[in-house]
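For reference, the structure I am asking about is given below.
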There are 2 protein chains.
Amino acid sequence: MALEPAILHALASPRRQEILRLVWRDEQTAGAIHRAMPDVTFGAVSLQLRRLLEAGLVEARAGKENDRRNRYYRANREALAEVAGMLERMWDDALWKLKLAAEMEESRRGPRPHNKKNKKGKKR
Amino acid sequence: MALEPAILHALASPRRQEILRLVWRDEQTAGAIHRAMPDVTFGAVSLQLRRLLEAGLVEARAGKENDRRNRYYRANREALAEVAGMLERMWDDALWKLKLAAEMEESRRGPRPHNKKNKKGKKR
DNA sequence: AAGATAGTTTATTTTAAACTAAATTACATG
DNA sequence: CATGTAATTTAGTTTAAAATAAACTATCTT
């Protein structure tokens with residue numbers, strides 16, 4: 001369960017949000033995306049695209065025929081729909097509640113040390 | 001607009017998700033929350049609670065009467081509902097589409113340098 | 001009032017993410 | 001086939017987030 005941290009993490013970066021917006025309606029080449037954000041290098045854009053790909057938030061294809069060196073990226077809208085749905089379901093999801101109950105069971109017992117003990121006596 | 005990066009950022013951390021789950025149904029003291037995650041110090045939990053508070057994802061109150069030293073945290077479900085709604089609205093939000101169109105206008109012109117120039121000739 | 005308990009804050013260290021420059025791969029074209 | 005273009009990858013640096021230990025504030029208990 002865990003609310004898909006990978007997707008949420010990918011969404012949390014303003015840079016990746018910007019990219020996502022650019023490929024929301026139509027697919028765009030990596031180059032066109034880079035031109036829309038001139039403050040970073042092409043390499044940085046490429047790395048962020050990879051993260052979005054890994055999170056399943058965008059998809060990519062290579063160009064056809066005499067255009068095989070371009071790569072076209074587009075948003076995977078379904079993936080975002082899933083996140084939205086998941087957040088909505090949280091409200092009355094029985095599994096969620098059960099998971100919570102188990103965790104609280106665990107936490108209702110005795111105190112634990114306030115701090116971990118110091119491994120080496122560093123002066124301060 | 002920008003998809004509320006502060007809230008999404010707060011949501012993106014597994015640790016904060018865990019805390020959010022613990023305070024989802026009933027309010028819990030900071031101590032109870034800490035006891036449920038023995039792998040980190042109390043201080044770390046307190047800092048994460050502060051971040052959740054700042055993002056508006058949880059709310060807190062002090063205990064009453066002979067319990068004023070406890071602080072009770074609870075999830076602010078409405079805040080999450082807003083995120084879910086925002087994600088859903090993205091699909092056919094006219095403003096969103098217009099914003100995109102303007103950005104692409106900008107990006108459809110001429111090439112830019114592939115790399116930024118090197119400021120100092122470091123050997124490699 | 002002394003001591004214990006609950007929580008926050010500060011200063012520091014550790015860990016991870018983002019960015020850059022350069023190298024590299026893969027096509028495309030004169 | 002040499003040159004240029006599109007994109008990715010790698011290695012290193014910079015920046016930011018998370019965790020720790022200790023100090024601190026406030027409250028409760030005896």
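Residue numbers begin at 1 in each chain, while the letters A, B, ... track the order of the sequences.
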Please name the pair of heavy atoms, one in A:Y72 and one in A:G63, separated by the smallest distance, quoted to 0.1 Å. CE1-CA, 3.9 Å
State which of D:dA18, C:dT20, C:dT10 makes the closest approach to the side chain of B:S13. D:dA18
Between B:N70 and D:dT27, is there a contact of a side-chain N or O with OP1 or OP2 at under 4.0 Å? no
Main-chain N/O of A:G56 paired to A:N76 side chain as donor or acceptor, under 3.5 Å: yes
According to side chain to side chain donor-acceptor pair (under 3.5 Å), who are the partners of A:R61, at least two apart in sequence or on a separate chain? A:E27
D:dT8, C:dT20, D:dA17: which one has an atom nearest the side-chain heavy atoms of A:R71? D:dT8
Is it true that B:R15 and B:E18 make a salt bridge, defined as a side-chain N closer than 4.0 Å to a carboxylate O? yes
Atom CG of B:L47 and atom P of D:dT20: how far apart are they, to the nearest Å? 10 Å
Give B:A30 one of three labels, base, sugar-phosphate or nothing, depending on what nucleic acid heavy atoms sit under 4.0 Å from its own. sugar-phosphate
Can you name the nearest heavy-atom pair linking B:A55 to B:A10, along with the distance? CB-CB, 3.7 Å
Closest non-hydrogen atom pair between A:L49 and A:V58, with its separation: O-CG2, 4.2 Å
Is B:T41 near enough to D:dT20 that one of its side-chain N or O atoms lies under 4.0 angstrom from OP1 or OP2? yes
What is the distance, to the nearest angstrom, from the CG atom on B:D39 to the C1' atom on D:dT20? 13 Å
From CZ of A:R50 across to C1' of D:dA7 the rounded distance in Å is 12 Å
For the backbone of B:V40 and the side chain of B:H34, can you confirm whether one donor and one acceptor N or O come within less than 3.5 Å of each other? yes
What is the distance, rounded to the nearest whole Å, between atom CG of B:L52 and atom P of D:dA17? 15 Å
Quick one: B:R61 CZ to C:dT8 P, roughly how many Å, whole number? 14 Å
Nearest whole angstrom, please: distance from the C1' of D:dA19 to the NE2 of B:H34. 12 Å
Should A:Q48 be listed as having a side-chain N or O under 4.0 Å from OP1 or OP2 of C:dC19? yes
Rounded to whole angstrom units, what separation is found between the CZ atom of B:R35 and the P atom of C:dT5? 12 Å
Choosing from C:dG7, D:dA6, C:dC19, which nucleotide comes nearest the side chain of A:F42? D:dA6
Return whichever of B:R51 or A:L49 has its heavy-atom-nearest nucleotide of DNA chain D closer to the 5' end. A:L49
B:E18 CD - D:dA18 P separation (whole Å): 14 Å
Can you identify which nucleotide, out of D:dT8, D:dT20, D:dT9, has its nearest atom closest to the A:Y73 side chain? D:dT8
Where do N or O atoms of nucleotides 26-30 of chain C meet protein N or O atoms at under 3.5 Å, pair by pair?
| residue | atom | partner | partner atom | Å |
| --- | --- | --- | --- | --- |
| C:dA28 | OP1 | A:E65 | O | 2.8 |
| C:dA28 | OP1 | A:D67 | N | 3.0 |
| C:dA28 | OP1 | A:R68 | N | 2.6 |
| C:dT29 | OP2 | A:N66 | ND2 | 3.1 |

